[in-house]
Amino acid sequence: MQAPPIPDNERQRLLALNSLDILDTPAEAAFDRITRLARNTLGVRTVLISLVDANRQWFKSRQGLETTETSRAVSFCGHAILGDGLFEIPDTHQDPRFADNPLVTGAAQIRFYAGMPLRSRDGYALGTLCLIDTAARTLTAGERELFRDLAELAEAELQRREQLERVHLRAVVEGTGAGLWEWNVQTGATVFNERWAEIAGYRLTELEPVSIATWQTLVHPDDLASSEALLNAHFNGETPAYELACRMRHKQGHWVWVLDRGKVVSWTADGRPEWVMGTHIDITDLKDSEARRLQTDQALQSRERLLRTIIDNIPMNIYVKDRSGRKLLANRSELNQLGIEQEADILGKHDRDLYPEQLVVKSDQEDRAVLDQGETLSLMENESADQHGRPLWYRVSKLPLRNQDGDIIGLVGLSIDVTEERNIKHNLHRQLQFLSVLNDIAADTKNTLNDRLNRALALGCEHLGLETGIISHIEQDRYTVQWCQAPASMSLNPGDGFSLGDTFCSLVLKNAGELVIHSATGTEYQRHPCYQIFGVETYVGIRLMVNSQVYGTLNFSASQRALSSLDENDLAFVRLLGHWVESALEREHDQQQLLQREARLRVLFELSPLGIALTDLSNGRFIAVNDSLVQQSGYDRDTLLTMTKRELSPGLSHQIDQQGFREATEQDQIGPVEIKVKHRDGHQYPANVIGLKVSDVDGSRLLWTVYEDISDRRRIERLKSELVSTVSHELRTPLTSISGSLKLLAAGHLGEVPAAASKMVSVALKNTDRLILLVNDLLDMDKLIAGRMPFKMQPHALQPLLATTADNIAGYAHVHRVAVTIGEVPPVNVKVDAHRFEQVMANLLSNAIKFSPEGGSVTIDARTTTSTVTITVRDHGPGIPEAFKSQIFQRFSQADNRDSRQKGGTGLGLAISHSIVQNMGGDIGFESRPGLTEFRVVLVRV
């Protein structure tokens, strides 16, 4: 079989065919008259007016055939439209193009075919008028002439329809009041009617001269691209017509929605679109209505989604049934309980399709009461059991569902799982019971510990329904019964001991401190020695901890299986009882420890070399005194206990009153403070005193006081000070003489000194100068301690003072090859003794220079506040050792390392500087780390 070839102008041909809007339209008398006339006059079986579409041939009129269309691939007409005149096949069996065609070999049995092309006004072959018969034949000359005439009639009818299409469209448009436009695509000529302009708020004359550009200036820019794309699709035959909802700018400035429709009504000879005719219909109201409807629909959908989300997330089963019992709705909880994934799988089903029979009968009775009487039901139901056979309880509510007329159209069911709630109530009841038991035990303060522990075991056995209760003590592998409650037949008594491995308590210690055995029979516990030796069938035990150490166990057991299985509440009861036992044992242990500590403290109190007294702060009377205080004061104990603190030490009593110790203040310590204590013989001796306020059990405020007699220390310090002063004065004169003599020798005034002797003279001179420095420092320190060093305090400009200090130290810095620089110093005055200030700065700078690396630098700068000036001396040496920082301002203190000792010094410079600065009303401090040390002197700003 040979399929018909596709014409070269196929696209234009199809566009012309589609522009007629004739395909798949009902039969028309004008065409049917032609086919009937052809069949009757030419004597053939079948006559057709066939229109050849892209993939089919469709019959606008048919005589002698019921089928309305066939495939183009097997059509004869597909061949006929390729020529200009008659296409005749006298005998298909003899024509190789058609001999095996299904229309020839199949039920149609076509043997003869003749077809005349039917063309559009533009010359495109749209289809044929064709003759078909089941017998071979050849048309005579007269028959051919008649056939051509009939074909011309059919073609004329098609072309008349084509011409009328445009006229009809204009008439229809004018009748509907739509805007009409016509556009010649090739020339650009454009025609608009008055209504077209009115839609945009204009008179047509206002827009003249009109052209396609008129439309383009009025249409919304965002819609132009869509319009062009849709027009091209129509021109290419992809769509039967052009249609677009777009916006036009109204004369008043707002946008008007129009429905723009159009269609090619004529084509050029080469198949290009020529005239396009279309309409504009104002659809602004429709668009607004659609927008409102869309907004309403979206709101309804959003509300529906919200309600559905709420229903699906409510933790209860919700469902709706109609009057016949069919499910209309089920939320996620209901679906999950039934094990159904999709709601669609449950809709329309009855309870009998979903639940066991016994539940369905009861549910139907409840439903009928709701549906027939309009009752609202609320009841508790035991509907099922869990995988362990435990009952599941639900609270069920069923409400009638009514329509707007009040008629009952179904019911709403609500079901919530209250199993846990029921279990909680049951457990709370049991907990109240055993809390009452524990309260009885804890409230018993009359009996001894042994009696209370034995009673606790008895009440525990009664509450648990077990026969034996034991509090054990475990040491290594030994299990000892401390207290017990057991049947007389067991012969179990306190003090009985067993191997720990033979008891279930060994498993308690290995099992995180707890063990519950409901029944040992048939389990791994049946092989344990505790079962085999003692026959323990049921057991619950916990570990006891006393003062963070394992003490033993609290356990209850029975040789028979308990009537009800032990549960979490029973274990909780044993835990609480165990906590009480632990607390009772700890209190007993703590009381014993307290008695021991009191005995030890009493020994320390009496044997302490320091005087100790306990005083009642409310009246100042002594409550207790030790032997040392008796010996210090010279009074006997009984006399001291009749005295007040004011009588013994008025200075301490004054301190107590001054600091408000007798009132309820947060301060709880006084001192250390040095006071005078009255001796029995009338003299006063110095003592260092520390006091600590405490509260008694009755809330009264007491004061512990420790007296250290420092009479000997003060006497030694006085002797030492006198010795230092005497030695310093006695040494200064001979040292000055020795130093002068050595300098004369070194200068050669007494003759040339041999080289070896010169070196020794230099060493002696250096050590003499160092000794003089030490003597001077000792004298300064002695004056400072005695308060005899004079200070001439006057305002001085800070900058000149620092400049003088830097100049004085320059030679020393040069020897050590260290640079001393003065940084930023504000122009302020300070109130100081200038000589003493320079002494402090010389000490700080000499230390900084000594410990700076060779080639390093020492910096002096200052900063101010509204009332003070802070002077900083900064070096980059090794820093002050951490262990030495706390004693750096003490007398004779030097860092205990080799490097520090090699640097020399008396160990008094910083102590003297500290005292001088304090006497001038200032303060001195430091910060140090490896690579940086800063000493800061804070002075009063004038």
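Computed from a prediction, not measured in an experiment: that's the story for all the values here.
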Pairwise side-chain contact, N317 with L414, heavy-atom cut-off 4.5 Å (strictly under): no
Any side-chain donor near an acceptor of the partner, D260 and W181, under 3.5 Å: yes
Gap between atom CG of L466 and atom CZ of F556 - 0.5 Å precision: 8.0 Å
Residues forming a side chain to side chain donor-acceptor pair (under 3.5 Å) with D367, sequence neighbours excluded: K321, K398
Side-chain H-bond candidate by donor/acceptor type, S519 with E537, under 3.5 Å: yes
Among V412, V370, L377, side-chain contact (heavy atoms from CB on, under 4.5 Å) partner for P400: V370
Aromatic plane relationship, H280 with W196 - under 30° parallel, 30 to 60° tilted, over 60° perpendicular: parallel
Exam field: side chain Q337 to backbone S333, donor-acceptor pair closer than 3.5 Å: no
From OG1 (T68) to CZ (F59), nearest 0.5 Å: 7.5 Å
Over all atoms of both residues, closest heavy-atom pair of L103 and V74: CD1-O, 3.5 Å
Pair N18-L23, side-chain contact (heavy atoms from CB on, under 4.5 Å): steps then yes or no: CA-CA 7 Å; N18 290 329; L23 294 174; 3.8 Å; yes
Heavy-atom donor-acceptor pair, N331 side chain to I311 backbone, under 3.5 Å: yes
Partner residues of M545 under the side chain to side chain contact (heavy atoms under 4.5 Å, CB included) criterion, sequence neighbours left out: R543, V550, E582
Nearest heavy atoms of S506 and H528, plus distance in Å: OG-NE2, 3.8 Å
Contact check, side chains of V516 and Y539, non-hydrogen atoms, under 4.5 Å: no
More than 12 heavy atoms of other groups within 6.0 Å of E462 CD: no
Whether T309 side chain and R305 backbone form a donor-acceptor pair below 3.5 Å: yes
W58 side, atom CH2; I22 side, atom CD1 - distance, nearest 0.5 Å: 6.5 Å
Polar contact flag, side-chain donor to acceptor under 3.5 angstrom, E467-S559: yes
Check: D285 main-chain N/O paired with S289 side-chain donor or acceptor under 3.5 Å: no
Closest heavy-atom pair and its distance - Y525, Y531: O-CB, 3.5 Å
Main-chain N/O of V360 paired with D351 side-chain donor or acceptor, under 3.5 Å: no
W255 ring center within less than 6.0 Å of H250 ring center: no
Which residues share a side chain to side chain contact (heavy atoms under 4.5 Å, CB included) with E568, sequence neighbours left out: L571, R575
Heavy-atom pair with the smallest gap, counting every atom of A200 and M248: CB-CE, 4.0 Å
Exceeds 12 heavy-atom contacts within 6.0 angstrom, atom CD of Q295: no
side-chain contact (heavy atoms from CB on, under 4.5 Å) assessment of D21 paired with K263: CA-CA 11 Å; D21 282 339; K263 186 175 183 180; 2.5 Å; yes
Acceptor/donor pairs from residues 50-57 side chains to any protein atom, 3.5 angstrom cut, sequence neighbours excluded:
residue : atom : partner : partner atom : Å
S50     : OG   : Q57     : OE1          : 3.3
D53     : OD2  : R56     : NE           : 3.4
R56     : NH1  : D24     : OD1          : 3.1
R56     : NH1  : E69     : OE1          : 2.5
R56     : NH2  : D24     : OD1          : 3.4
R56     : NH2  : D24     : OD2          : 2.8
Q57     : NE2  : T70     : OG1          : 2.7

Contacts of type side chain to side chain contact (heavy atoms under 4.5 Å, CB included), residue L286, not counting sequence neighbours: I283, E290
Pairwise side-chain contact, I408 with L401, heavy-atom cut-off 4.5 Å (strictly under): no
Polar side-chain atom of S557 near backbone of V536 as donor-acceptor pair, under 3.5 Å: no
side-chain hydrogen bond (donor to acceptor under 3.5 Å, both in side chains) pairs, two or more places apart, involving residues 226-239: S227-Y242
Lys/Arg-Asp/Glu bridge criterion (N-O < 4.0 Å) met for E343, K327: no
From CA spacing to verdict: side-chain contact (heavy atoms from CB on, under 4.5 Å), F504, L515: CA-CA 8 Å; F504 281 141; L515 179 66; 4.2 Å; yes
Smallest separation among heavy atoms of A73 and P4, with atom names: O-CD, 3.3 Å
T284 side-chain N/O to V256 backbone N/O, donor-acceptor pair under 3.5 Å: no
L48 side chain near L65 side chain, heavy-atom distance below 4.5 Å: yes
Rounded distance [0.5 Å steps], CD in E243 versus CG in L231: 12.0 Å
L500 side chain near L509 side chain, heavy-atom distance below 4.5 Å: yes
Salt-bridge present (D364, R352; N to O < 4.0 Å): no
Nearest heavy atoms of T279 and A178, plus distance in Å: CB-CB, 4.3 Å
G253 backbone acceptor or donor facing R249 side chain under 3.5 Å: yes
Donor-acceptor under 3.5 Å (K287 side chain, A245 main chain): no
Expected output: side-chain D353 to main-chain K349 donor-acceptor under 3.5 Å: no
Any side-chain heavy-atom pair of I346 and Y319 under 4.5 Å: no
Nearest-0.5 Å distance, OG1 of residue T553 to CD1 of residue I471: 9.0 Å
Point-to-point distance, once rounded to the nearest 0.5 Å, from CG of D345 to CD1 of I340: 6.5 Å
Sub-4.5 Å side-chain heavy-atom contact between I199 and V258: yes
Q560 atom CD, over 12 foreign heavy atoms within 6.0 Å: no
Check ion pair R323-D407 (N to O, under 4.0 angstrom): no
E28 vs K60, side-chain contact (heavy atoms from CB on, under 4.5 Å): CA-CA, chis, key distance, verdict: CA-CA 8 Å; E28 297 180 34; K60 175 60 181 174; 2.9 Å; yes
Side chain to side chain, L244 and L259, heavy atoms closer than 4.5 Å: no
